[in-house]
Amino acid sequence: ENRELIKAASEQFGVDEEIIVSIIGVETFYGRITGSYRIIDALVTLGFYYPEGLSSDRSPFFSSELLQYIQLASEEGLPAAEVTGSYAGAMGMGQFMPSSYREYAVDFDADGSRDLWRSTADVVGSVANYLHRHGWQPGQAVTRRAIASEDAAFDEVSTGNLTPTLTVAQWRDKGFISSNDLSPDLPAAVLKLVEENRNTYWLTFKNFYVITRYNRSPLYAMAVYELSQEIKKGKD
């Protein structure tokens, strides 16, 4: 039903169709689960009553998002006391935080408002614009499985920083070997996933890093990638 819309957004923003569709699916099951917490309550709670004892105090972030939400509600004519979303204040089918909504949401159906709840066009366009603005490279690799040798440089595999800083060739020299069709000069990082019976290793590229700008969890990014590949199979 939305094939032409998704194609148009893909072409305008330079983001692969299956990635746009996958992110909306992972975020809210295509709008079925957008959250039932009042945004104003969520942001006030996390901004001023952030739980003690956690590894970091993120109350300044949520306080800032509260201010962004008040501005957003004014700009978009939202009923500020009624809008619902996630427990962390994310909204709509694409689960945008208020600052991201203000910065990256687009009026893709050209009706004069950016509606990330009821306008599929705005949701698709906004997700595509977010990825585009963070540097998505259309048609390029996202991640590839790597085989780790017994003497691989496991201590150089970061659990938090997925910025591609070494090349495929350099990682190969460090014992992480992937398919031969990758350019040896392609920048990459290495990700370790702890699976049920073993650890697996993956070369991840700029596009994988871009997905983690949407959600910083590497498990999230891998879920988006794997779903996108199934969507692509079905589309083709």
Side-chain angles (χ1 to χ4, degrees), residues 1-43 46 62 65-66 68-69 71-134 136 142 207 210-217 219-232 234-235:
E1 292 176 4
N2 297 293
R3 183 181 296 271
E4 292 305 315
L5 166 63
I6 295 162
K7 179 181 178 182
S10 173
E11 291 176 350
Q12 177 169 329
F13 295 103
V15 178
D16 299 85
E17 295 180 18
E18 63 271 14
I19 292 292
I20 300 170
V21 177
S22 180
I23 281 185
I24 301 170
V26 171
E27 287 291 345
T28 62
F29 197 15
Y30 303 106
R32 292 176 176 87
I33 307 170
T34 58
S36 58
Y37 294 87
R38 290 202 316 166
I39 297 296
I40 195 78
D41 293 342
L43 295 176
L46 292 172
F62 289 106
E65 289 297 325
L66 175 60
Q68 293 278 349
Y69 176 66
Q71 291 175 282
L72 174 68
S74 176
E75 293 165 354
E76 300 295 331
L78 301 176
E82 301 173 18
V83 175
T84 59
S86 79
Y87 71 92
M91 298 173 287
M93 279 195 268
Q95 291 291 277
F96 278 33
M97 292 298 289
S99 59
S100 293
Y101 200 128
R102 295 187 69 216
E103 180 69 20
Y104 303 110
V106 297
D107 178 16
F108 204 57
D109 60 10
D111 70 348
S113 68
R114 301 179 297 173
D115 185 346
L116 301 189
W117 289 270
R118 295 173 294 274
S119 172
T120 301
D122 288 358
V123 173
V124 168
S126 297
V127 169
N129 182 50
Y130 188 101
L131 297 172
H132 164 70
R133 293 273 300 277
H134 284 82
W136 185 265
V142 176
N207 283 344
V210 170
I211 297 174
T212 65
R213 300 309 87 194
Y214 205 103
N215 182 309
R216 295 181 185 273
S217 166
L219 295 178
Y220 171 90
M222 186 60 74
V224 167
Y225 170 71
E226 292 189 339
L227 177 57
S228 77
Q229 295 310 289
E230 294 303 312
I231 290 169
K232 187 176 181 180
K235 180 169 68 71

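Counting from 1, the numbers follow the sequence of the chain as shown.
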Run S99 and E65 through side-chain hydrogen bond (donor to acceptor under 3.5 Å, both in side chains) and show every step you take. CA-CA 6 Å; S99 59; E65 289 297 325; 2.5 Å; yes
Could you give me the CA-CA distance, side-chain angles and deciding distance for R102 and F96, then say whether side-chain contact (heavy atoms from CB on, under 4.5 Å) is met? CA-CA 9 Å; R102 295 187 69 216; F96 278 33; over 6 Å; no
Carefully, step by step, assess W136 and D16 under the rule side-chain contact (heavy atoms from CB on, under 4.5 Å). CA-CA 9 Å; W136 185 265; D16 299 85; 2.7 Å; yes
Run the numbers on E230 and E226 for side-chain contact (heavy atoms from CB on, under 4.5 Å), then give the verdict. CA-CA 7 Å; E230 294 303 312; E226 292 189 339; over 6 Å; no
H134 vs Y214, ring-ring contact (aromatic ring centres under 6.0 Å, His included): CA-CA, chis, key distance, verdict: CA-CA 9 Å; H134 284 82; Y214 205 103; 8.6 Å; no
In sequence, state the C-alpha distance, the side-chain angles, and the governing distance for L131 and I19, and then conclude on side-chain contact (heavy atoms from CB on, under 4.5 Å). CA-CA 9 Å; L131 297 172; I19 292 292; 3.7 Å; yes
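For CZ of R133, the number of neighbouring non-hydrogen atoms (other residues, nucleotides, ligands) closer than 6.0 Å is greater than 12. At most 12 heavy atoms of other shown residues, nucleotides or ligands fall within 6.0 angstrom of atom CZ in R3. Enclosure of atom OH in Y30 by more than 12 non-hydrogen atoms of other residues, nucleotides or ligands within 6.0 angstrom is indicated.
Residues I24 and V127 share a closest heavy-atom pair of CG1-CG2, 4.1 Å. Summarising the geometry of A81 relative to R38, their closest heavy-atom pair is O-NH1, 2.8 Å, with the distance given to 0.1 Å. Closest approach of A128 and I20 over heavy atoms only: CB-CD1, 3.7 Å. Taking all atoms of both residues into account, the shortest heavy-atom contact from G89 to L43 is CA-CD2, 4.1 Å. Of all the heavy atoms in Y87 and L46, the pair that sits closest is O-CD1, 3.5 Å. Contact record, T212 with S217: CG2-O, 4.4 Å, taken as the closest heavy-atom pair.
Using a 4.5 Å heavy-atom cutoff, the side chains of L72 and R114 are in contact. Put simply, the side chain of L116 reaches to within 4.5 Å of the side chain of S126, judged on heavy atoms. Under the 4.5 Å side-chain criterion, counting only non-hydrogen atoms from C-beta, Q95 is in contact with T34. For the pair L5/T120, a side-chain contact is recorded, criterion being any heavy-atom separation below 4.5 Å from C-beta on. A heavy-atom distance below 4.5 Å is not found between the side chains of E17 and I231. Side chains of H132 and Y104 form no contact here, defined as non-hydrogen atoms less than 4.5 Å apart. Looking at heavy atoms from C-beta onward, N129 lies out of side-chain contact with E103 at the 4.5 angstrom threshold. Here the side chains of E11 and K7 are in contact, with some heavy-atom distance below 4.5 Å.
At least one donor-acceptor pair under 3.5 Å links the side chain of D107 to the backbone N or O of D111. Not one N or O on the side chain of Y220 forms a donor-acceptor pair closer than 3.5 Å with the backbone of E27. Under a 3.5 Å cut-off, the side chain of Y101 and the backbone N or O of Y69 do not form any donor-acceptor pair. Judged by distance alone, with hydrogens and angles left aside, the side-chain atoms of S22 form a donor-acceptor pair with the main-chain N or O of V224 at under 3.5 Å. A donor-acceptor contact shorter than 3.5 Å links the side chain of S86 to the backbone of A88.
Scanning for ring-ring contact (aromatic ring centres under 6.0 Å, His included) contacts around F108 gives F13, with sequence neighbours left out. Contacts of T28 classified as side chain to side chain donor-acceptor pair (under 3.5 Å), with partners at least two apart in sequence or in another chain: none.
The structure places CD1 of I40 at 12.0 Å from CD of E82, a figure rounded to the nearest 0.5 Å. For the atom pair CG of D109 and CG of D115, the computed distance is 8.0 Å after rounding to the nearest 0.5 Å. For the atom pair CD1 (I211) and OG (S228), the distance works out to 6.5 Å, reported to the nearest 0.5 Å. Going from atom CD of E4 over to atom CG of N2 covers 10.5 Å, rounded to the nearest 0.5 Å. The structure places CG of L66 at 10.5 Å from CD of Q71, a figure rounded to the nearest 0.5 Å.
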